[in-house]
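Have a look at the structure below, then the notes.
Residue numbering restarts at 1 for every chain, and letters A, B, ... go by the order of the sequence lines.
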Amino acid sequence: MNTDTILHNLNPEQHAAVTAENGHVLVLAGAGSGKTRVLVHRIAWLITDRCESPHNILAVTFTNKAAGEMRSRVEELVGLSARRMWLGTFHSLAHRMLRMHWHEAGLAENFQILDSEDQLRLVRRVIRELNLDEKQWPAKQAQWYINGQKEEGLRPHHIDHYGDPSTRTLLKIYQAYDAICQQSSLVDFTELLLRCHELLVNNPALLQHYQQRFKHILVDEFQDTNSLQYAWLRLLAGDTAWVMVVGDDDQSIYGWRGAKVENIQQFSAHFIDTHVIRLEQNYRSTKVILDAANHVISHNQDRLGKNLWTEMREGDLISVYNAYNEVDEARFITARIQQAMEKGLARSEIAVLYRSNVQSRVLEEALLQVGIPYRIYGGLRFYDRAEIKDALAYVRLIYNLHDDNAFERAVQTPPRGIGDKTMEAVRECARSQQISLWRATQELLQINHFTSRATNALTQFTKLITDMQTDAVDLELHEMLELAVQRSGLIPHFQQERGEKGQARIENLAELIDTGRLFAYDAEEDMPIMAAFLAHAALESGERQAMDENAVQLMTLHSAKGLEFPLVFMCGMEEGLFPHYMCLQDPRQIEEERRLCYVGMTRARQKLYLTFAESRRLHGSETRNRPSRFLRELPPDCYEEVRLRSQNIKAASPLKRLAMDSDAINDEGLMLGQRVYHQLFGEGVILDFEGDGAHRRVQVRFDKQGTKWLVASFAKLVPV
DNA sequence: AAGGCAAATGTTTTT
DNA sequence: CATTTGCCTT
């Protein structure tokens with residue numbers, strides 16, 4: 001494909017960003033301004049116009065999904081030649097380097113990745129081994145501390161506790177944790193980056209090699225990078241690479257997990273000769289939605305400042321619905337979804353966004369009741385499910401008998417008579433001799449250390465594993481997974497579980513085998529397929545189901561980032577829920593909540609609903625919240641308050657009911673979805689109302705004449 | 001060692 | 001309300 005095609009259809013700013021030469025580029029890209037487009041076209045332009053080899057390009061995204069999308073879009077433009085480009089998340093790229101240079105990085109060749117659950121488990125173990133009170137030193141907090149230090153590039157020996165007893169203890173935990181990781185070659189997520197950073201710092205030759213190789217570095221979602229990722233980037237860029245970063249400070253919503261928006265501000269200072277390019281034209285939302293979002297975000301002090309504009313039409317006003325309670329809220333949303341679907345909107349074009357996952361339940365129930373298919377994003381991902389991790393523990397143990405984490409997990413599930421006391425003895429033996437749990441078990445069995453019951457159980461377990469190991473030789477990946485699932489006894493174990501849960505788990509195990517069958521193994525990545533698969537399971541906890549499924553999309557505001565929908569509902573717009581009560585004290589956190597609100601609003605292309613409930617059942621007790629401050633921050637001419645004028649009158653309170661009864665009279669008994677007759681246009685269905693009193697208008701889809709807006713007082717509609 | 005019951009405890013999420 | 005954790009019993 002030629003350059004013209006690549007530059008075709010770009011606006012002047014996008015064009016400037018795509019074709020910028022001699023220096024770095026900081027693209028401040030507002031919501032819906034085409035930032036992914038800029039990145040994709042930039043890469044395509046580098047390859048076709050500048051004749052850069054994909055081999056010399058490094059592109060970083062935040063999720064594997066984004067990486068996948070970007071790769072396929074680039075390939076669409078330039079063809080398969082982009083295969084050799086390094087494109088992935090910070091973590092997957094660091095992982096790749098560590099696999100290639102494991103020796104220089106001080107790791108074992110078969111080093112294992114700890115996901116956050118594994119990490120937490122290990123931290124907990126460390127705390128116990130240090131004889132600390134788990135109540136006083138919660139493992140979660142210690143884990144948070146360790147990751148925080150690593151993100152600042154700090155190893156235990158870099159840290160001075162200045163006699164502070166709390167820091168001293170946390171440091172001790174960090175130290176012990178690191179020692180175990182080093183000894184067993186375990187690498188947690190943050191460690192992937194830190195280790196890789198250290199690898200490059202300590203190996204100038206290697207660093208030089210990569211600096212020479214990556215002449216172009218591109219980073220998406222730059223506002224979400226943390227200090228360590230930024231340091232890694234600067235290191236790799238050296239003095240010669242051209243770096244392009246794309247981000248939006250107004251969409252920084254991950255400050256709470258270490259992301260530093262400051263990286264955007266600092267960028268121009270660190271990378272001299274930076275072109276700053278602002279993408280401010282929004283191609284997504286109507287003017288009303290964009291104006292409202294702009295106005296809300298303008299309440300933030302701490303901004304780089306930009307103003308999004310659009311050439312789109314004004315569009316519908318934002319509708320604000322005051323619900324009586326969360327059930328009423330859900331029913332309103334459901335009714336409006338039905339209405340939109342009648343207008344011909346596909347279910348997948350509709351999203352319901354909320355602040356926290358607990359809110360999804362009521363919505364689900366309401367949707368279920370009227371039979372609208374829906375899909376919930378988030379929650380537990382595939383490879384994070386307990387049954388999957390259980391099965392994988394067997395695979396890992398077969399693959400490497402000295403994988404202690406796998407040993408601990410496999411020995412526990414299904415229960416086989418090996419309990420805490422036995423395991424404690426094994427752990428103690430392993431610790432004192434610095435050997436793996438597997439070897440410790442062998443030794444203790446040999447010296448007849450256990451009671452006959454424990455001896456029996458352990459012998460059986462070791463035999464099970466070695467037998468599986470023997471049978472696993474020369475098996476395909478999926479056959480190996482099948483072996484693990486079949487022989488581990490997990491299926492009968494889950495069958496005992498009451499309810500449908502057990503069945504679901506067994507189905508997931510079957511799916512795991514399929515996953516192995518479909519696993520796309522790129523032999524180029526020069527690691528054994530099993531290592532690649534296990535890394536895949538740890539690093540990509542499983543793409544959630546296919547997007548094209550025709551269902552209403554339910555998700556948190558956080559997971560909505562980067563997506564867009566013609567119709568968006570944001571529910572639970574209440575003080576304490578959104579902004580969340582944990583954030584109310586801190587103005588900085590309030591600003592992050594406001595950015596989250598901005599992100600949510602800018603997801604909507606055509607129509608946005610904001611709803612709040614006067615009273616809400618949360619954690620089992622009734623709460624009454626004030627409407628969210630973000631509602632008050634809406635410009636008055638951008639929204640209207642709406643009421644539900646349809647079937648659910650029975651559910652509302654007596655007060656509400658009165659209000660609705662009077663509405664019904666004004667409407668002359670007309671309701672949404674009702675069939676009516678018009679003298680000229682014939683029969684049709686009511687789709688919508690707009691305005692009040694004499695200006696009240698009704699939208700009707702006539703069977704023969706199409707959809708029309710009519711002034712209610714003139715139309716003389718007769719219910720059929 | 002394992003299952004059952006009471007108590008505690010509730011953001012946002014990727015890797 | 002619902003899930004997870006920890007203690008206690010068998």
Along DNA chain B (nearest heavy atom to each residue), the more 5'-positioned of A/Ile253 and A/His91: A/Ile253
Atom-pair distance (CH2 on A/Trp232; P on B/dT15), nearest Å: 15 Å
Heavy-atom neighbours of A/Glu622 CD exceed 12 at 6.0 Å: yes
Show the distances under 3.5 angstrom between N or O atoms of the protein and N or O atoms of nucleotides 1-8 of chain B.
unit_1: B/dA1; atom_1: OP1; unit_2: A/Gly419; atom_2: N; d: 3.1
unit_1: B/dA1; atom_1: OP1; unit_2: A/Thr422; atom_2: OG1; d: 2.7
unit_1: B/dA1; atom_1: OP2; unit_2: A/Lys421; atom_2: N; d: 3.1
unit_1: B/dA1; atom_1: O4'; unit_2: A/Arg453; atom_2: NH2; d: 3.3
unit_1: B/dA2; atom_1: OP1; unit_2: A/Arg416; atom_2: N; d: 3.2
unit_1: B/dA2; atom_1: OP1; unit_2: A/Gly417; atom_2: N; d: 2.4

Distance-only side-chain donor-acceptor flag, A/Asn147 / A/Tyr174, under 3.5 Å: no
For atom CD of A/Gln359 and atom C1' of B/dT11, their distance in whole Å: 10 Å
A/Ser452 side chain to A/Thr455 side chain, donor-acceptor N/O pair below 3.5 angstrom: no
Spacing of A/Phe62 atom CZ relative to B/dT15 atom P, expressed in whole Å: 10 Å
Where protein sits on nucleotides 1-10 of chain C, one letter per nucleotide: B base, S sugar-phosphate only, - none, heavy atoms under 4.0 Å: B-S-------
Touch class at under 4.0 angstrom, heavy-atom based, for A/Tyr254 against every strand present: sugar-phosphate
C/dT5 versus B/dT12 - spacing of their C1' atoms, nearest Å: 23 Å
Side-chain N or O of A/Asn357 closer than 4.0 Å to phosphate OP1/OP2 of B/dT12: yes
Note: A/Lys260-A/Glu152 ion pair, threshold 4.0 Å (strictly below): yes
Residue-phosphate contact under 4.0 Å: A/Thr89 side-chain N/O, B/dT15 OP1/OP2: no
Verify stack between A/Phe90 ring and B/dT15 base, 5.5 Å, 30 degrees: no
Cation-pi geometry met for A/Arg99 and A/Phe111 (6.0 Å, 45°): yes
Partners meeting side chain to side chain donor-acceptor pair (under 3.5 Å) with A/Thr334 (sequence neighbours left out): none
Distance, rounded to the nearest Å, where A/Phe189 contributes CZ and B/dT15 contributes C1': 4 Å
Chi-based syn or anti call at B/dT11, which uses purine or pyrimidine torsion atoms and a 90° bound: syn
For atom CG of A/Leu539 and atom C1' of B/dT13, their distance in whole Å: 15 Å
Between P of B/dT11 and CH2 of A/Trp256, the distance in whole Å: 11 Å
Donor-acceptor side-chain pairing of A/Thr61 and A/Asp220 below 3.5 angstrom: no
Protein-nucleotide distance (A/Ile590, atom CD1; B/dT12, atom C1'), rounded to Å: 14 Å
Any N/O donor-acceptor pair, A/Ser92 side-chain to B/dT15 base, under 3.5 Å: no
Interatomic distance, A/Ile376 CD1 vs B/dT13 P [rounded to whole Å]: 12 Å
Distance-only polar pair, side chains of A/Gln143 and A/Gln141, donor-acceptor under 3.5 Å: no
A/Ser227 and A/Glu151 side chains, donor-acceptor separation under 3.5 Å: no
A/Arg375 charged N/C atom sitting above A/Tyr377 aromatic ring, 6.0 Å / 45°: yes
Below 4.0 Å: OP1/OP2 of B/dT15 and any side-chain N or O of A/Thr190: no
B/dT11 pyrimidine/purine six-ring stacking with A/His580, under 5.5 Å and 30°: yes
